[in-house]
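In what follows, a structure is listed as structure tokens, so that the remarks can point back to it.
Numbering of residues begins at 1 and proceeds along the displayed sequence.
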Amino acid sequence: MNRAHSSKVKKALIPAAGLGTRFLPATKTIPKEMLPVADQPILLYVIEEAVRAGIEDIVLVAGRGKHAIEDFFDRSYELEDQLLKSNRVDLLERIQNIRNMANIISIRQKEALGLGHAVYCGKPIIGQENFAVLLGDEIMYSDPGEPTVVEQLTKIFDETETSTVAVMEVSTEDVEKYGIIAAEKTAQSYFKVHHVVEKPRKSEAPSALALPGRYVFTRHIFDYLENAKPGKNNEIQLTDAMTELATHRGLYATLFRARRFDAGDQLGYLMANIELSLMRPDIGPKLKTYLKGLL
Ligand code: G1P
């Protein structure tokens, strides 16, 4: 799909402050968002998705391990000098491109009070602007030339000026893992959201439409986060503020098109590594032969 980038959504916020307990001890000193999938950290896939949608400023809300993230987007004189001297130009360019992709602004979430709180931490930098939120441990793979999930959201946002989130259909067993929307179909390609329930029990889920972690919001979400009380699991939930947003300002949801990997989960992480490595022309064919032999 060819279209001009959104002129209404130029900022994105990436919460990357989780403790990464599912990956301990690997995540004792580095954040899970920095774990490699093929040859790049999970976080870089997420940032690439945003940048492909025309996002220019990225606010990273980090907790522990903030320095590893900051260093990744900073200049590394010694490394770059070495690569230059050894004439590794391709690698050098790749390293340099990373820090020129977008303006990366990092802030720290001082207390782990929940996803809603992490998003609220970005308010001083997002200000009055519309913004995307991308969870830092979900990889959404779109083929080159296809719109990324953030782009699918900003397209609807540009037309409607209404906050819009991505949803996917999950099995009844899985509703307990996600924010689930109650919504009605519209004549368009999106749903109108009534309310959102954070990780409902199977019997209480209003639908099987789950939030995978891609959102575009107007600044109004901050009004509802500011007054948010702790919800499910005693955390400030983004989904509670989304219910307020849906009630007072409107909220749409759309079924996204992309290959999704929950890289915050050990199995999902391995699947991301295998599939994304299989796509690479240098190692893909050899990996395929190896996997065939193994199975
Ligand atoms: C968070 C959100 C939830 C969303 C999920 C997607 O939960 O609270 O609404 O569906 O991310 O991964 P978490 O997985 O951080 O517990």
**Message:** Could you check whether F222 and F131 have their ring centres less than 6.0 Å apart?
**Reply:** yes
Which atoms form the tightest heavy-atom contact between [X] and [Y], and what is the distance?
X    : Y    : answer
P41  : E33  : CB-O, 3.8 Å
P36  : N273 : O-ND2, 3.4 Å
A38  : Y45  : CB-OH, 3.9 Å
S142 : E146 : CB-O, 4.2 Å
H195 : T243 : CB-CG2, 3.6 Å
C121 : V61  : CB-CG1, 4.1 Å

Nearest 0.5 angstrom please: [X] [atom1] to [Y] [atom2], how far?
X    : Y    : atom1 : atom2 : value
I126 : Y120 : CD1   : OH    : 13.0 Å
S207 : H194 : OG    : NE2   : 11.0 Å
L60  : L43  : CG    : CG    : 5.5 Å
N103 : I125 : CG    : CD1   : 11.5 Å
I42  : M34  : CD1   : CE    : 9.5 Å
R99  : F73  : CZ    : CZ    : 12.5 Å

Is a donor on one side and an acceptor on the other found under 3.5 Å between the side chain of [X] and the backbone of [Y]?
X    : Y    : result
T254 : A166 : no
K232 : K199 : yes
N87  : L83  : no
T148 : E49  : yes
S106 : E70  : no
D240 : I236 : no
T27  : P31  : no
E80  : S76  : yes
Q237 : P230 : no

**Message:** Apply side-chain contact (heavy atoms from CB on, under 4.5 Å) to residues V119 and L13 and explain how you reach the verdict.
**Reply:** CA-CA 7 Å; V119 172; L13 182 146; 4.1 Å; yes
Can you tell me if [X] and [Y] form a side-chain donor-acceptor pair at under 3.5 Å?
X    : Y    : result
E159 : Q188 : no
H117 : E235 : no
T239 : E198 : yes

Got [X] and [Y] here, is their nearest side-chain heavy-atom distance under 4.5 Å?
X    : Y    : result
Y178 : L211 : no
L251 : M242 : yes
R22  : D265 : yes
R249 : Y224 : yes
E56  : K11  : no
L209 : I180 : no
I139 : R260 : no
F191 : Y252 : no

Is [Y] reachable from [X] through a run of hydrophobic residues whose side-chain heavy atoms are each under 4.5 Å from the next?
X    : Y    : value
V196 : Y215 : yes
V59  : I47  : no
L135 : I69  : no
L270 : L291 : no
V216 : I221 : no

**Asked** Are more than 12 heavy atoms from other residues, nucleotides or ligands located less than 6.0 Å from atom CD of E226?
**Response** yes
**Message:** Show, in sequence, the C-alpha distance, side-chain angles and deciding distance for E275 and R259, and conclude whether the salt bridge (Lys or Arg N to Asp or Glu O under 4.0 Å) test is met.
**Reply:** CA-CA 10 Å; E275 278 195 45; R259 182 90 181 93; 2.6 Å; yes
Carboxylate-amine/guanidinium contact [X] [Y], below 4.0 Å:
X    : Y    : value
K8   : D158 : no
D90  : R94  : no
E129 : R219 : no
E151 : R52  : no
E93  : R88  : no

**Intermediate values then yes/no, side-chain contact (heavy atoms from CB on, under 4.5 Å), T160 and Y190** = CA-CA 11 Å; T160 63; Y190 45 82; 3.3 Å; yes
**Item:** Intermediate values then yes/no, salt bridge (Lys or Arg N to Asp or Glu O under 4.0 Å), R280 and D39
**Value:** CA-CA 10 Å; R280 284 185 31 178; D39 61 354; 3.4 Å; yes
**Step-by-step side-chain contact (heavy atoms from CB on, under 4.5 Å) determination, H220 to H248** = CA-CA 9 Å; H220 301 107; H248 302 288; over 6 Å; no
**Request:** Show the numbers, then the answer: is there a salt bridge (Lys or Arg N to Asp or Glu O under 4.0 Å) between E138 and R214?
**Result:** CA-CA 9 Å; E138 304 260 348; R214 293 295 185 267; 5.7 Å; no
**Message:** For L238 and L225: C-alpha separation, side-chain torsions, deciding distance, then whether side-chain contact (heavy atoms from CB on, under 4.5 Å) applies.
**Reply:** CA-CA 7 Å; L238 181 59; L225 285 171; 4.3 Å; yes
